[in-house]
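Worksheet for the structure shown next.
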Amino acid sequence: MYQRQFQKISPLTTAHLAQTMSLLNMNYGDLNQEINKALNENPALVVREERLCPGCGHKLAEGQRCPICTQPKTGSPDEAIVFLSARGEFIPKGSSLGLDDFSDDLMGTDNLTLEEFVLRQIASELRVEDRAIAAYILNQLDEDGLFREDLDDVAEYFHISLDDLTRIKRIIQKAEPIGVGSSSPEEAIRVQIGELSESSKTPDIYVKISEEYLHPLLKKQFKEISDQLNIPQKTVADAAEYFSKNLNPFPARSHWGDFRSPGEGDTLGYSNPDVVINHVNNDPNQPLLVEIVIPSVSNLDINPYYSQAIKEAGEGAKEELKTDFDKANLLIKCIQQRNNTLQRLVEKITAIQKEFILKGESHIKPITRVEISKDLEVHESTISRAVSNKTVQMPDGRIIPMSTFFDRSLKVRTMMKEIIAKEKKANPLSDSEIQSQLEKKGFKVARRTVAKYRLMEGIMPAHQRKINPTGKKE
DNA sequence: CTATGGCACGGATT
DNA sequence: AATCCGTGCCATAG
């Protein structure tokens with residue numbers, strides 16, 4: 001059996017600690033950027049040719065999972081298999097959205113930034129003089145993929161007409177993810193509807209709703225819409241569901257709208273999970289396979305010529321080379337330690353929350369980070385850092401924040417949702433009625449708290465949930 | 001008068 | 001030390 005290559009951690013220096021902490025805070029994307037930055041800055045750091053398993057050092061074929069780390073451990077067949085998986089490519093030096101880098105060849109899009117990803121799609125459609133402007137727009141996108149600057153100002157700044165700017169923007173908006181570069185979520189939706197109705201059969205009425213009644217729809221004012229358009233309320237509800245499934249007001253995010261109402265929900269919707277939980281071979285009878293997605297750190301290495309170079313260097317240059325060498329060494333160690341911590345944490349979490357993962361939200365166990373920290377014998381802040389900013393992809397495909405595993409109220413909230421789902425819609429339950437129902441089931445919460453949970457779940461107050469037998473809202 | 005949302009407080013958690 | 005969360009009190013709408 002292979003030993004873990006990186007088990008032994010050298011004595012902790014302050015620098016070591018500081019760097020490990022900041023690395024631990026980072027998710028897959030951030031860490032990847034950090035590594036790329038280090039690669040560009042530090043000549044002592046290189047990428048190894050062969051791919052190694054970041055967990056055990058086993059040589060891997062291209063794109064393969066480590067056959068050793070993904071073996072069920074003997075003696076504990078029920079435990080989840082947690083392994084580190086190196087994904088992503090390193091961005092070659094100097095390709096961070098330089099204006100000279102408009103190559104048409106579409107390389108693997110796995111690890112491109114959003115800017116580059118879009119730029120590559122539209123490069124051929126753009127006139128040469130438009131490229132700087134397109135690049136500017138893409139560079140200024142916020143994290144949702146929206147461009148929120150004032151178009152007049154931008155046009156003036158670049159000395160072009162508003163029409164030209166709009167034309168460039170249109171080109172961007174049509175690229176994947178569709179709607180990117182829009183000025184608002186509403187605009188993004190309209191673009192998406194437009195594209196969608198061209199490629200597939202979207203009912204005209206949906207288009208109309210999206211154009212004129214988007215806001216009422218988001219507030220779930222189905223009745224108002226159905227009255228004004230003189231259509232069945234069912235159609236409006238269908239439209240709402242259709243939108244929620246097919247559209248995304250924040251183009252840079254994926255998996256939007258699965259289980260949270262739009263509007264106030266900026267807590268969810270991430271593109272790349274840090275942890276992927278699934279069954280071996282997707283077979284529910286097999287044990288859980290938990291993949292921790294990390295950048296290709298196993299491929300990070302000290303430049304083999306470097307120690308040689310240090311020896312041969314003159315006295316003056318020696319110092320500088322040595323600094324780079326030490327920095328590279330430290331970075332590699334810290335990353336290994338980060339991953340090790342992450343792995344131990346995820347092992348623990350999946351063991352504890354197995355029911356939750358398999359059977360759903362009502363089976364979540366309320367745990368705190370402190371409990372885990374004691375178990376793993378690390379400082380509680382370490383757990384905090386390891387959990388923050390990370391996302392997990394569940395077996396059903398949903399991507400949720402890792403902090404969900406520590407959500408103490410999720411259980412009560414799902415119970416509340418069940419109660420509301422079962423209520424008679426002609427006579428909806430008020431918050432205090434919900435409270436007493438919950439109490440019967442053993443959940444002691446204040447009436448005020450029920451209201452808060454309702455809000456969290458985007459459920460309307462009782463009188464707005466009322467539906468009389470004709471199927472219309474009261 | 002009832003149901004609900006806003007504000008703020010205190011204790012727990014990070 | 002900072003933040004989050006459940007809760008009580010009060011104002012407001014219906």
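Protein chains get the first letters and strands the later ones, always in sequence-line order, with residue 1 at the start of each. None of the values given here were measured: they were computed from a predicted structure.
Close to C:dC5, at under 4.0 Å from its OP1 or OP2, lies no side-chain N or O of A:Tyr453. Of the side-chain N and O atoms in A:Thr449, one or more sit less than 4.0 angstrom from OP1 or OP2 of C:dT7.
Each of B:dG6, B:dT4, C:dG6 was ranked by its minimum atom distance to the side chain of A:Arg448; first place goes to B:dG6. For A:Ser430, whose side chain is taken as the heavy atoms from C-beta onward, the closest listed nucleotide among B:dA3, B:dT13, B:dG5 is B:dA3. Checked against B:dT14, B:dA8, B:dT4, the side chain of A:Glu380 finds its nearest nucleotide in B:dT14. For A:His463, counting side-chain heavy atoms from C-beta on, the closest listed nucleotide (B:dT14, B:dT4, C:dT7) is B:dT4. Of the candidates C:dG6, B:dG5, C:dC5, the closest approach to any side-chain atom of A:Arg408 belongs to C:dC5.
In this entry the distance linking CZ of A:Arg454 with C1' of C:dG6 reads 16 Å, nearest Å. Nucleotide C:dG8 holds its C1' atom 10 Å from the CZ atom of A:Arg447, rounded to whole Å. A:Phe443 has its CZ atom 13 Å from the P atom of C:dG6, to the nearest Å. If you take CD1 of A:Ile367 and C1' of B:dA12, they are 16 Å apart, rounded to a whole angstrom. Distance A:Asn25 CG to B:dT14 P: 15 Å, rounded to the nearest Å. When rounded to the nearest whole Å, the span between CE of A:Met456 and P of C:dT7 equals 13 Å. Atom CD of A:Gln435 and atom P of B:dT4 are 12 Å apart (whole Å). Remark: P of B:dT2 and CG of A:Asn427 are 16 Å apart, rounded to the nearest angstrom.
Salt bridge status for A:Lys374 with A:Glu380: absent, with no side-chain N to carboxylate O gap under 4.0 Å. Using a cut-off of 4.0 Å between Lys/Arg side-chain N and Asp/Glu carboxylate O, A:Arg48 and A:Asp301 are scored as salt-bridged. With salt bridges taken as basic N to acidic carboxylate O contacts below 4.0 Å, none links A:Lys327 and A:Glu41.
No contact: A:Val387 has no heavy atom under 4.0 Å from any strand. No engagement by A:Ser388 is indicated, since no non-hydrogen atom pair under 4.0 Å with the nucleic acid exists. Using a 4.0 Å heavy-atom cutoff across all strands shown, A:Ser381 reaches no nucleic acid atom at all. Residue contacts shown for A:Arg369 are limited to sugar-phosphate atoms, with no base heavy atom under 4.0 Å away.
Taking the centre and axis of the six-membered ring of A:Phe406, the NZ or CZ atom of A:Arg369 falls inside the cone set by 45° and 6.0 Å.
Within 3.5 Å, no donor on the side chain of A:Arg413 pairs with an acceptor on the base of C:dG6, nor the reverse.
Minimum interatomic distance between A:Gln343 and A:Val82 (heavy atoms only, all atoms of both residues): NE2-O, 3.2 Å.
Within 6.0 Å of atom NZ in A:Lys425, more than 12 heavy atoms from other residues, nucleotides or ligands are found, so the atom counts as buried in its surroundings.
Mapping A:Lys452 and A:Ser432 onto DNA chain B via the closest heavy atom, the residue that lands nearer the 5' end is A:Ser432.
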